[in-house]
Amino acid sequence: MKKIAILLFVISAFSCKNTQTVTLKDNSDPSKYIEKISEKNLKTMLYTIASDEMEGRETGSKGQKKAGLYMIEQYKKNGIPFPKGATDYYQHIPASYLNARNDEKLPDSENIWAFIEGSEKPNEILVISAHYDHVGVQNGEVYNGADDDGSGTVALLEMAKAFAKAKKDGNGPKRSILFLHVTGEEHGLHGSRYYSENPLYPLANTIADINIDMIGRRDAEHVKTNNYVYVIGANRLSTDLHNAVVSQNDKYIKMDLDFKFNDPKDPNRFYERSDHYNFAKHGIPAVFFFNGVHEDYHGKDDIAEKIEYDALTKRTKLAFVVAWELANRENRPVVDKKK
């Protein structure tokens with residue numbers, strides 16, 4: 001009888017332990033971590049990324065490489081590693097690839113990546129992307145590219161920090177997140193195209209791409225307010241992705257979502273003009289957050305002093321809560337529309 005009692009106790013203890021192991025985290029509410037997105041941090045980082053020291057971050061240039069080192073320092077400081085399966089924070093891209101379509105004499109360059117592994121579905125990958133190149137120095141003037149796309153660059157860094165804090169607290173994302181800073185966007189979306197053709201993780205395992213390109217200013221259509229963002233592409237492949245953007249905004253951010261440029265007939269064709277497109281063309285749901293074109297677009301006065309940091313912060317928070325939802329929801333977004 002004593003042996004039976006001991007056996008039952010061991011089975012019961014094992015059962016309890018096993019139950020605790022499979023208990024799933026409820027990560028439905030990101031509220032605690034939304035406030036980790038700091039306007040002060042975004043401003044500090046952007047003043048560095050868009051400084052004259054970075055020489056306009058032309059693809060493969062000394063200044064772009066210096067900006068890349070600064071970004072990697074931020075990831076290291078926040079305890080965010082390079083992706084599993086990679087040897088460092090760089091995805092190297094040879095000059096031969098960058099010049100294959102139009103020989104612009106570009107040197108070798110690099111995508112930069114960082115990674116937070118998922119707790120329950122680590123093999124499913126959410127990509128959050130932004131390009132960190134700009135147009136360099138022209139006629140002796142540094143084209144700093146604070147909005148294009150310094151704003152998206154620092155947004156990724158700050159979002160990664162918030163997700164890292166959540167993971168440290170035991171509330172890390174259920175799916176893995178790849179923070180992907182791509183090069184060569186200004187010359188034809190080269191860096192994102194290279195990743196899509198040479199992915200670190202199978203594209204079949206990539207559930208979506210959130211792309212952030214210019215979120216620090218306002219355009220002429222929104223002179224009276226910066227409480228808006230253009231949403232492009234979310235419903236092109238997936239109703240689920242569109243619904244996630246709308247519901248997360250309604251619940252946490254309450255920004256005006258402008259779908260004007262999402263119209264397939266829009267003559268600007270922004271859907272095809274930023275890095276999300278190299279995911280979408282492979283059937284991966286993608287959304288592009290954008291503030292629209294302003295008077296300093298690709299000009300020498302796209303500087304950190306002109307960024308509206310309240311808008312940058314709020315748009316970063318929107319991208320964060322959408323990422324939180326996609327990384328933690330039960331099912332990946334369903335592709336229910338044609339490319």
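Numbers here are sequence positions counted from 1.
- The aromatic rings of Y89 and Y75 lie parallel to each other, their planes meeting at an angle below 30°, with 60° marking the opposite boundary.
- The aromatic ring centres of F163 and F320 sit less than 6.0 Å apart.
- Hydrophobic clustering (ILVMFWY, side-chain heavy atoms < 4.5 Å, transitive): M214 and V231 are in distinct clusters.
- Once rounded to the nearest 0.5 Å, the distance linking CG of D266 with OH of Y271 reads 14.0 Å.
- Its side chain within the 4.5 Å cluster rule, I93 clusters with Y97, L98, L106, Y194 among the Ile, Leu, Val, Met, Phe, Trp and Tyr residues.
- Ring pair F290/F270: centre-to-centre distance below 6.0 Å.
- At a cut-off of 3.5 Å, with distance as the only test, no side-chain donor of S196 or N278 sits close to an acceptor on the other residue.
- For K254, there are no side chain to side chain donor-acceptor pair (under 3.5 Å) partners two or more places apart in sequence or in a different chain.
- With values rounded to the nearest 0.5 angstrom, T316 atom OG1 is found 11.0 Å from N41 atom CG.
- Looking at residues two or more places apart in sequence or on another chain, you find no side chain to side chain donor-acceptor pair (under 3.5 Å) involving D256.
- Side-chain contact annotation: S129 with D275, donor-acceptor N/O pair under 3.5 Å absent.
- In this structure, NZ on K260 lies 4.0 Å from CD on E221, to the nearest 0.5 angstrom.
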